J.: 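Before I ask anything, here is the structure I am working with.
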Amino acid sequence: MRRMNDPATVPVLALLLTHFDTRYGARDDAAHLATYAADAYLVVGERGVKRSALDPAAVLAAWAAVAREREPQFMAPSLTDWLPDGPDRGIAVVDLREAETGTPILAGVGVEREGDDWKVAFASLLDGGPRGYEQQRMVALAELPGLRAASLEGPLTSLLEASYMRRHHLPKARLLALPETHFSCAGTGSCCRQELTIGMDENSVAFLEAVDWEALVPQIGPGPYTQELPPEAAGLVSFRHKLSRTADGRCRFLSTDNRCTIHALAGRAVFKPCHVFPYRFALTPDGVCVTVNHMCPTARFAKGAPLASQEPDLRSRLAVADVLRAEKYYLRPAQEVPWEVFRTIEGQVLELLLGDAPVKQKLWVALRWLEARLKDPEAGVPDAWYAEPIPRLGWLHRTAFGRFGKLFDPCFKDLRGITPGEGLLPEHEAELTRFFRSLIFSKVTTFPYGLVAGLNYVALTYHVLERQVAKHGGRGISEAFWQEFYAVVTAGTYFRILQVCHQTPATRLARHAGDPAFGLALLRT
């Protein structure tokens, strides 16, 4: 391969010097914009857009408003290598230094001939050395989906800055996890074969459209690789496209050996849902609570390394994740409490859900304690509560709560075609204990609705599970059953129904959900 002695080396070097000088030295925005190729992606606000599709005046105005002192600034460019790919394009390997921190970095800058001039087509930090032009361009474009989160650290104007932010400006918040939470990806591919909607933001769609996938992955076939969501979904989600699937429900980018082809080519998961899954993050005054989605069988059975040993990886995911947060904390609807009280009660509930008693009994004890705690802040837990049988409701009340449980049956319609397995419900106590503790610690029910309602919804989940097992003929529970059940509960229509019930604070369910008697009645049904 020809390298530094290539005739293009001199004009490419001149281009690079002009490119960096007009950005960080002379700061001539108009001249800097002119160094980019027509199909190069620039960052305007939080979006990556082709230069040819931009109004230069609007771009210059946006750049003029950027507080550049908050951004990484790359100095002293030195051409280390030139890797041509034919006469009209190639990769320049450039040594750089970030001005404020002094961090040395190695960047790959793709350049291409445009008429009589050379232009910058893409740029990103190199990881493991340069690759071919098309693949390195894909790696650079892979920074697009993370721009929204990265911009929280400061405005960005190029993919090179986005790449640097992703590597060197990870969130510094304290990470908190339950001790039993373990996860290391086992490559089951379950998450890529579920009927989950993998939402694509505008940057993700731009990335997919920019890459010549058939050239990189010939077996993948022609696009489109995304599908537009129906109009009725507009009010439910923030994205407008989803990743397309094959006829048998697999992600189109999932290989036959259950590996993501995009991950293999880019060196990491690119799209936010794929990069974050199966983790969840909730921001608290004490730090960020990290939990896992139990739809994944590896996470459900707590296989792999403890989360405490995975901080760098978790921080890279946190940087692009949608983090659950709350401005106020509630014991029950309209009863606000300080964070210290919320944290203490949550910790006691989590403690009550430990132990060897059946899960249903532990939920019973936790709700009875909450009921007592509302009247007496010093209330304790008698040992007898763990041993007493849970009394059944009378026929009339059982019928009423059965009708309520029936409300959720349409969410689980796909369970009807699932083949039964071996283990019955009582054989899944450890699994359910981890799930319910994780559900509480994740704050997905307690932040929106309060601690009492949050625990009531855990009891509701158990009630619905018992109902679905009964509808399933009481037969053994297969892995497919668990995956479908968890998928609906943690990522499906289940929580949407709860949200609808709470849209008006005066709804009857909202009032009942704030009373431990509601969850206790569900357990007695």
Side-chain angles (χ1 to χ4, degrees), residues 8-80 82 88-126 137 140-141 143-144 147 150-151 153-166 168-169 203 206 210:
T9 302
V10 173
V12 165
L13 179 58
L15 167 68
L16 293 176
L17 291 173
T18 302
H19 179 75
F20 285 100
D21 182 58
T22 56
R23 179 68 182 91
Y24 304 111
R27 294 194 171 184
D28 183 340
D29 286 342
H32 181 69
L33 182 62
T35 64
Y36 284 100
D39 63 350
Y41 276 80
L42 303 178
V43 182
V44 180
E46 295 177 348
R47 294 180 55 216
V49 187
K50 276 187 179 181
R51 184 188 65 77
S52 58
L54 292 171
D55 173 15
V59 176
L60 296 180
W63 282 359
V66 167
R68 287 180 172 172
E69 64 274 10
R70 297 174 57 199
E71 297 182 317
Q73 297 188 35
F74 304 114
M75 304 299 185
S78 172
L79 183 63
T80 300
W82 164 243
D88 297 324
R89 65 182 189 177
I91 300 172
V93 181
V94 184
D95 272 313
L96 294 171
R97 177 176 52 83
E98 203 283 310
E100 183 177 352
T101 64
T103 306
I105 64 170
L106 191 66
V109 182
V111 298
E112 60 186 38
R113 198 186 297 273
E114 204 171 78
D116 295 330
D117 298 321
W118 286 89
K119 301 287 185 179
V120 173
F122 60 83
S124 69
L125 272 60
L126 286 178
R137 179 171 184 267
L141 290 168
E143 305 296 348
L144 277 172
L147 289 178
S151 67
E153 293 283 350
L156 301 172
T157 57
S158 76
L159 294 179
L160 180 60
E161 290 162 330
S163 182
Y164 180 85
M165 298 294 277
R166 185 179 70 81
H168 296 280
H169 283 251
N203 285 322

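This one's a predicted model, so the numbers in the text were calculated from it and none came from an experiment.
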J.: Can you confirm whether F74 sits close enough to E98 that some side-chain heavy atom of one is under 4.5 Å from a side-chain heavy atom of the other?
T.: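 Touching, per the 4.5 Å side-chain cut-off.
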J.: If I take atom OH from residue Y164 and atom OG1 from residue T101, how far apart are they, to the nearest 0.5 angstrom?
T.: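 Rounded to the nearest 0.5 Å, the OH-OG1 separation comes to 3.5 Å.
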J.: Specify the closest pair of heavy atoms between L125 and L160, including all atoms of both residues, with the distance to one decimal.
T.: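 Of all heavy-atom pairs spanning L125 and L160, the closest is CD1-CD1, 3.8 Å.
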J.: At what distance, to the nearest 0.5 angstrom, does CG of L60 lie from CG of D29?
T.: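 Going from the CG atom of L60 to the CG atom of D29 covers 6.0 Å.
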J.: Under a 4.5 Å cut-off applied to non-hydrogen side-chain atoms, are L96 and F20 in contact?
T.: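 Heavy-atom side-chain distance check passes, below 4.5 Å.
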J.: Rounded to the nearest 0.5 Å, how far apart are CD of E143 and CG of N203?
T.: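 It is 11.5 Å, given to the nearest 0.5 Å.
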J.: Indicate the ring-plane relationship of Y36 and H32, choosing parallel, tilted or perpendicular according to the 30° and 60° boundaries.
T.: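 Perpendicular: the ring planes of Y36 and H32 meet at over 60°.
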J.: Restricting to non-hydrogen atoms, name the atom on P11 and the atom on W118 that form the minimum distance, rounded to 0.1 Å.
T.: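 Shortest heavy-atom contact: CB-CD1, 3.8 Å.
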J.: Do K119 side-chain atoms and L15 backbone N/O form a donor-acceptor pair below 3.5 Å?
T.: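 No, the answer is negative, given that no donor and acceptor are paired below the 3.5 Å cut-off.
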J.: Which atom pair, heavy atoms only, marks the closest approach of M75 to A99?
T.: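 Of all heavy-atom pairs spanning M75 and A99, the closest is CG-CB, 3.7 Å.
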J.: Taking the basic N atoms (NZ, or NE/NH1/NH2) and the acidic carboxylate oxygens, is any pair closer than 4.0 Å for R137 and E112?
T.: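 Salt bridge absent between R137 and E112.
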J.: For V109 versus A123, what's the shortest heavy-atom pair and its separation?
T.: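 Taking V109 first and A123 second, the nearest heavy atoms are CG2-CB, 4.1 Å.
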J.: What's the spacing between R47 CZ and L144 CG if we round to 0.5 Å?
T.: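 The CG atom of L144 is 10.5 Å from CZ of R47, to the nearest 0.5 Å.
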J.: Answer yes or no: is there a side-chain heavy-atom contact under 4.5 Å between F122 and L141?
T.: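 The answer is no, as the side chains (C-beta and beyond) never meet within the 4.5 Å cut-off.
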J.: Any side-chain heavy atom of H168 within less than 4.5 Å of one from I105?
T.: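 The answer is yes, as the side chains (C-beta and beyond) meet within the 4.5 Å cut-off.
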J.: Run through L17, D95, D21 and flag the one making a side chain to side chain contact (heavy atoms under 4.5 Å, CB included) with P77.
T.: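 Running side chain to side chain contact (heavy atoms under 4.5 Å, CB included) over L17, D95, D21 with P77 returns exactly one hit, L17.
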J.: Any side chain to side chain donor-acceptor pair (under 3.5 Å) pairs touching residues 48-58, not counting sequence neighbours?
T.: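 As it turns out, there is no side chain to side chain donor-acceptor pair (under 3.5 Å) pair with a partner in residues 48-58 once direct neighbours are skipped.
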J.: Search all heavy atoms of E114 against all heavy atoms of A38 and return the closest pair with its distance.
T.: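 In terms of heavy atoms, the two residues are closest at OE2-N, 2.9 Å.
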J.: Could you tell me whether the side chain of S163 and the main chain of L159 form a donor-acceptor pair under 3.5 Å?
T.: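 No, because the side chain of S163 does not come within donor-acceptor range (under 3.5 Å) of the backbone of L159.
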J.: Closest heavy-atom contact between T9 and L79?
T.: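 Where T9 meets L79 most closely, the heavy atoms are CG2-CD2, 3.9 Å.
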J.: Could you state the interatomic distance from CD (E161) to NE2 (H169), rounded to the nearest 0.5 Å?
T.: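 Going from the CD atom of E161 to the NE2 atom of H169 covers 10.5 Å.
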J.: Drop me the distance from D117's CG to T35's OG1, to the nearest 0.5 angstrom.
T.: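 Result: 11.0 Å between the selected atoms.
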